[in-house]
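Nothing here was measured: the structure is a model prediction, and the numbers come from that model. One-based numbering along the sequence shown. Atoms within a ligand are numbered from 1 in the order they appear, just like the ligands themselves.
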Amino acid sequence: MSNIQYEYVDESLIDENYKCIICKEPLINPTVTPCDHTYCQKCIEHWLNEGYSACPSCRHILSMNDLKPVSTRLILNILDRLIVKCSQCGQNGIQRGNFNDHLTKLCPKGTIFCSAFDIKCPWSGPREQLENHLNTCNYEKLRSVLTHLVNKNRQLEEQIHTLTNQVQTLQSIVQSPTRHLITFDKLFEIEKRTDSGILSELYEGLIWNNVWYMHEQWVRTNHALSGWKNAYTNGHICVAFNGKGSSMSICSRRKEIDTFSLVSFEATAAWLDNLHINIIGRRLKQELYSKTIVLQFDNSQIFYFDWKNIDELQFIPVSGKEHPGIPYTDKYFAITWILLG
Ligand SMILES: [Zn+2]
Ligand SMILES: [Zn+2]
Ligand SMILES: [Zn+2]
Ligand SMILES: [Zn+2]
């Protein structure tokens, strides 16, 4: 196939064996027939597509499936080393095999995009005009602002994605009448105390092992600088926590009969940053689910689950990092509320 992007230097000196008899030019993507005639891939495919069904050289019956690309390195190398001249910029002495590189990386007439393409400059033109364009390119001038906006936009999209997921979870929570939201605020009225104590064993019809409660007033008086205070979100005045900073669990009352699902809960680390908690969901002592969550000192977080048919939920604090300025390393964490199904 003739090529408008380059022309051959000394075409008459090129051996006829390396030329295609259809286009009379040096072979491009040489393709061989079973009758051992070689053509440019495009030329012979075009020939067959036109309705011919025989080899143009010897009239041997031929179909598309008979064609095979030439893979002989020797021939391909000879073709790659043919010397061409770029029709666009006039540069001479380019090996044909390197011409594409010339066009895409070097040719001053080659078409390229603006260097501000990543921040949406629509300019494209000859490489030699890029410098001129850049002198007036508003996108490149505003690069720092635009980069900031593009990144900001990406962050917002991610946030929207996260929030959409949360809304969907919350919608499913609201729509399900069997959901059971457990808070610890009313312990204040039950116990008539504003301190800390062990959760009564059948609170809300469940069995609580090593689960304690702590009133906000107690935290304000005794642990004012702790992460505890960040657990009392949205007007909550009492939270649950793991006694002695060790493992705690919640079980159904009649293990063989009653099961529940874990939907979500809100939790905060009391003294450590990056407090890792392993959470395990079991049914008849068999582990069905497990997940590690990471709690923070500075803010509470809501975690979502879809753990169905369990009768025991265990929280095992594993490790954390000392919070700057806080010498305590106890692995206490607070649960503000927990939603079971
Ligand atoms: Zn050809
Ligand atoms: Zn033939
Ligand atoms: Zn060129
Ligand atoms: Zn530009």
Side-chain angles (χ1 to χ4, degrees), residues 1-9 11-12 14-33 35-52 54-60 62 64 66-72 75-76 78-150:
M1 293 284 273
S2 62
N3 192 306
I4 48 153
Q5 295 183 305
Y6 56 75
E7 55 205 59
Y8 291 94
V9 180
E11 194 172 347
S12 58
I14 298 171
D15 191 323
E16 290 301 316
N17 284 316
Y18 298 115
K19 291 187 180 171
C20 163
I21 69 148
I22 300 176
C23 67
K24 318 268 190 272
E25 296 262 348
L27 291 155
I28 292 178
N29 298 327
T31 300
V32 68
T33 63
C35 49
D36 207 20
H37 288 108
T38 308
Y39 307 96
C40 305
Q41 184 190 354
K42 277 191 182 159
C43 291
I44 190 63
E45 284 181 2
H46 185 246
W47 171 265
L48 293 172
N49 280 334
E50 288 289 282
Y52 297 101
C55 172
S57 303
C58 69
R59 307 283 153 209
H60 201 281
L62 186 63
M64 210 64 100
D66 299 327
L67 302 175
K68 289 212 168 56
V70 170
S71 58
T72 316
I75 297 173
L76 296 176
I78 287 170
L79 290 166
D80 275 349
R81 285 179 195 146
L82 292 174
I83 301 300
V84 299
K85 173 180 166 188
C86 176
S87 320
Q88 313 221 37
C89 70
Q91 188 187 320
N92 205 339
I94 305 168
Q95 290 195 354
R96 197 183 82 174
N98 295 335
F99 184 76
N100 212 28
D101 265 7
H102 166 77
L103 202 60
T104 55
K105 295 186 186 138
L106 300 166
C107 181
K109 304 281 185 191
T111 301
I112 55 165
F113 288 107
C114 176
S115 54
F117 177 72
D118 59 329
I119 44 174
K120 311 267 185 261
C121 175
W123 184 88
S124 73
R127 178 174 282 102
E128 62 186 0
Q129 283 175 25
L130 175 64
E131 213 180 309
N132 248 337
H133 163 73
L134 284 177
N135 288 334
T136 57
C137 175
N138 289 328
Y139 292 85
E140 202 54 77
K141 275 182 208 144
L142 291 172
R143 173 170 286 281
S144 62
V145 178
L146 286 171
T147 306
H148 174 75
L149 289 175
V150 166

*Asks:* The Zn ion (ligand 3) as vertex, arms to SG of Cys107 and NE2 of His102: angle to 10°?
*Replies:*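 The SG/NE2 angle about the Zn ion (ligand 3) sits at 110°.
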
*Asks:* Go through the steps to decide whether Arg96 and Leu79 satisfy the test side chain to side chain contact (heavy atoms under 4.5 Å, CB included), and finish with yes or no.
*Replies:* CA-CA 7 Å; Arg96 197 183 82 174; Leu79 290 166; 3.7 Å; yes

*Asks:* Nearest 10° is fine: what angle sits at the Zn ion (ligand 4) between SG from Cys121 and NE2 from His133?
*Replies:*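 Computed angle, vertex at the Zn ion (ligand 4), rounded to 10 degrees: 110°.
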
*Asks:* Between the side chains of Tyr39 and Ser57, is a donor N or O closer than 3.5 angstrom to an acceptor N or O?
*Replies:*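 Side-chain D/A pair, Tyr39 to Ser57: present.
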
*Asks:* Specify whether Tyr8 and Tyr6 have parallel, tilted or perpendicular ring planes, treating 30° as the upper limit for parallel and 60° as the lower limit for perpendicular.
*Replies:*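 Perpendicular, since the angle between the ring planes exceeds 60°.
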
*Asks:* Nearest 10° is fine: what angle sits at the Zn ion (ligand 1) between SG from Cys43 and SG from Cys20?
*Replies:*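 Output for this angle: 110°, rounded to tens.
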
*Asks:* Count the heavy atoms belonging to other residues, nucleotides or ligands that lie under 6.0 Å from CG of Asn49, then report whether that count exceeds 12.
*Replies:*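 Count over threshold, so yes.
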
